[in-house]
Undergrad: 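Dropping a structure here in structure tokens format, bear with me for questions.
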Amino acid sequence: MKLADIRDSVVNKLANKYSNINIYDEKQKQGIIQPCFFVQLLPITSTRSSFTYNNNVAMINIQYLNDSTDTLECLNKKDELEELFIDYLEVAGEKISILESESNIAFDSLGSILTYSITLDYYKKIKDYEERKTIKEVNFE
């Protein structure tokens, strides 16, 4: 499982729920159409947990931009995102635990921005276990 697979899984999940809203997985300098989502994956830690696995923590940052300053729209979208990402995220047939979620709503001259972040905890195989031969006899000559 690669980091890009995790990001793509989030984008696909959003696209299935919100087929009428544009989703960007890279920052756009211009030409965005609101409402829209921006999705960014931020790796946080990678700790060797065994000979063959790393324990990883990553954050998915989802921004919802709306051209309205209606707080209710952002609150409803937050509730919908919480339902969509309630327990786990499925990536390549594996379920990744969602540790926590966080949200924030801000307003600017263009409208409202909901920032919704989820923290993921998952194991990644780093290499296959190599079976080692046992020494049966040792000669000290």
Side-chain angles (χ1 to χ4, degrees), residues 1-140:
M1 172 185 336
K2 296 182 179 182
L3 290 171
D5 296 333
I6 296 170
R7 185 198 60 208
D8 292 346
S9 181
V10 171
V11 169
N12 289 335
K13 196 165 189 154
L14 287 169
N16 288 336
K17 171 107 175 134
Y18 303 105
S19 59
N20 60 335
I21 298 177
N22 289 329
I23 301 167
Y24 304 100
D25 58 1
E26 299 291 331
K27 288 291 184 191
Q28 302 292 316
K29 293 184 180 178
Q30 58 184 352
I32 64 168
I33 299 170
Q34 292 183 355
C36 64
F37 288 103
F38 284 100
V39 177
Q40 183 181 28
L41 181 128
L42 306 165
I44 297 175
T45 62
S46 181
T47 306
R48 188 84 177 251
S49 60
S50 72
F51 184 69
T52 55
Y53 288 92
N54 275 353
N55 180 282
N56 298 287
V57 176
M59 179 181 282
I60 298 286
N61 188 18
I62 301 169
Q63 287 186 327
Y64 173 70
L65 281 68
N66 187 5
D67 55 3
S68 167
T69 55
D70 182 10
T71 306
L72 186 58
E73 171 67 21
C74 283
L75 293 173
N76 288 335
K77 200 62 67 186
K78 177 201 177 289
D79 289 340
E80 291 172 6
L81 289 173
E82 279 186 342
E83 287 178 27
L84 193 61
F85 298 102
I86 190 76
D87 291 325
Y88 62 87
L89 177 67
E90 190 164 338
V91 180
E94 295 183 40
K95 294 179 179 176
I96 298 177
S97 299
I98 296 176
L99 294 179
E100 64 183 6
S101 67
E102 217 176 288
S103 61
N104 184 30
I105 299 173
F107 301 95
D108 66 12
S109 60
L110 300 175
S112 57
I113 302 170
L114 165 67
T115 302
Y116 182 77
S117 301
I118 55 176
T119 305
L120 307 171
D121 181 28
Y122 64 100
Y123 288 90
K124 181 178 177 184
K125 191 174 194 176
I126 52 177
K127 64 181 181 176
D128 289 325
Y129 178 75
E130 299 172 9
E131 191 162 328
R132 299 175 185 209
K133 295 181 181 178
T134 305
I135 298 175
K136 294 182 181 175
E137 187 176 317
V138 178
N139 282 327
F140 295 103

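The structure presented is a predicted model; accordingly, all values stated were derived computationally and were not measured.
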Undergrad: How close do Glu90 and Ser9 get, counting heavy atoms only, and between which atoms?
TA: O-OG, 2.6 Å
Undergrad: Hey, mind stepping through Leu14 and Leu84 against side-chain contact (heavy atoms from CB on, under 4.5 Å) and telling me if it holds?
TA: CA-CA 8 Å; Leu14 287 169; Leu84 193 61; 4.0 Å; yes
Undergrad: Between Thr119 and Leu99, is there a donor-acceptor pair closer than 3.5 Å when you use the side chain of the first and the backbone of the second?
TA: no
Undergrad: Is there side-chain contact between Leu120 and Ile60, with heavy atoms separated by less than 4.5 Å?
TA: yes
Undergrad: Does the side-chain contact (heavy atoms from CB on, under 4.5 Å) test come out yes or no for Tyr64 and Ile21, once each step is laid out?
TA: CA-CA 10 Å; Tyr64 173 70; Ile21 298 177; 4.2 Å; yes
Undergrad: If we ignore angles and hydrogens, is there a donor and acceptor under 3.5 Å between the side chains of Ser97 and Asp121?
TA: no
Undergrad: Within the 3.5 Å criterion, strictly below it, is a donor on Asn56 or Ser46 matched to an acceptor on the partner's side chain?
TA: yes
Undergrad: Supply the atom-to-atom distance Tyr123 OH to Ile96 CD1, rounded to the nearest 0.5 angstrom.
TA: 13.0 Å
Undergrad: I need the Ile98 CD1 to Ile118 CD1 distance, nearest 0.5 Å.
TA: 4.0 Å
Undergrad: Tell me the closest heavy-atom pair linking Pro43 and Leu41, and the distance in Å.
TA: CD-O, 3.8 Å
Undergrad: Could you tell me if Lys13 sits above the aromatic ring of Phe85, with its cationic atom closer than 6.0 Å to the ring centre and no more than 45 degrees from the axis?
TA: yes
Undergrad: Is Asp5 reaching over with its side chain to a backbone N or O of Lys2, donor-acceptor style, under 3.5 angstrom?
TA: yes
Undergrad: For Glu80, I'd like to know if atom CD has over 12 heavy atoms of other residues, nucleotides or ligands within 6.0 Å.
TA: yes
Undergrad: With distance as the sole test, does Asn12 use its side chain to make a donor-acceptor pair with the main-chain N or O of Asp8 at under 3.5 Å?
TA: yes
Undergrad: How far apart are the closest heavy atoms of Ser103 and Lys78, and which atoms are they?
TA: OG-CE, 2.8 Å
Undergrad: Can you find a pair of side-chain heavy atoms, one from Ser49 and one from Asn54, that are under 4.5 Å apart?
TA: no
Undergrad: Less than 4.5 Å apart, side chain to side chain, heavy atoms only: is that true for Arg7 and Val39?
TA: yes
Undergrad: For Ile126 and Arg48, what are the C-alpha separation, side-chain angles and deciding distance, and is it a side-chain contact (heavy atoms from CB on, under 4.5 Å)?
TA: CA-CA 9 Å; Ile126 52 177; Arg48 188 84 177 251; 3.0 Å; yes
Undergrad: Return the orientation label for the Phe37 and Tyr18 ring planes: parallel under 30°, perpendicular over 60°, tilted otherwise.
TA: tilted
Undergrad: Start with the C-alpha distance between Ile6 and Met1, add both sets of side-chain angles, then the distance that settles side-chain contact (heavy atoms from CB on, under 4.5 Å), and finish with yes or no.
TA: CA-CA 8 Å; Ile6 296 170; Met1 172 185 336; 4.0 Å; yes
Undergrad: Less than 4.5 Å apart, any side-chain heavy atom of Phe38 and any of Asn61?
TA: no
Undergrad: Tell me whether Gln34 contacts the main-chain N or O of Asp67 through its side chain, where contact means a donor paired with an acceptor under 3.5 Å.
TA: yes
Undergrad: If you draw a 6.0 Å radius around OH in Tyr88, do more than 12 non-hydrogen atoms from other residues or ligands fall strictly inside?
TA: no
Undergrad: Using the side-chain hydrogen bond (donor to acceptor under 3.5 Å, both in side chains) criterion, which residues pair with Tyr122? Sequence neighbours excluded.
TA: none
Undergrad: State, with a plain yes or no, whether a side-chain heavy atom of Leu81 is found less than 4.5 Å away from one of Leu114.
TA: yes
Undergrad: Is Asp25 close to Ile23 at the side-chain level, that is, under 4.5 Å between some pair of heavy atoms?
TA: no
Undergrad: Taking the side chain as every heavy atom from C-beta outward, state whether Asn55 and Val57 have any pair of such atoms under 4.5 Å apart.
TA: yes
Undergrad: Contact between Glu73 and Ser68 at the side-chain level, heavy atoms closer than 4.5 Å - yes or no?
TA: no
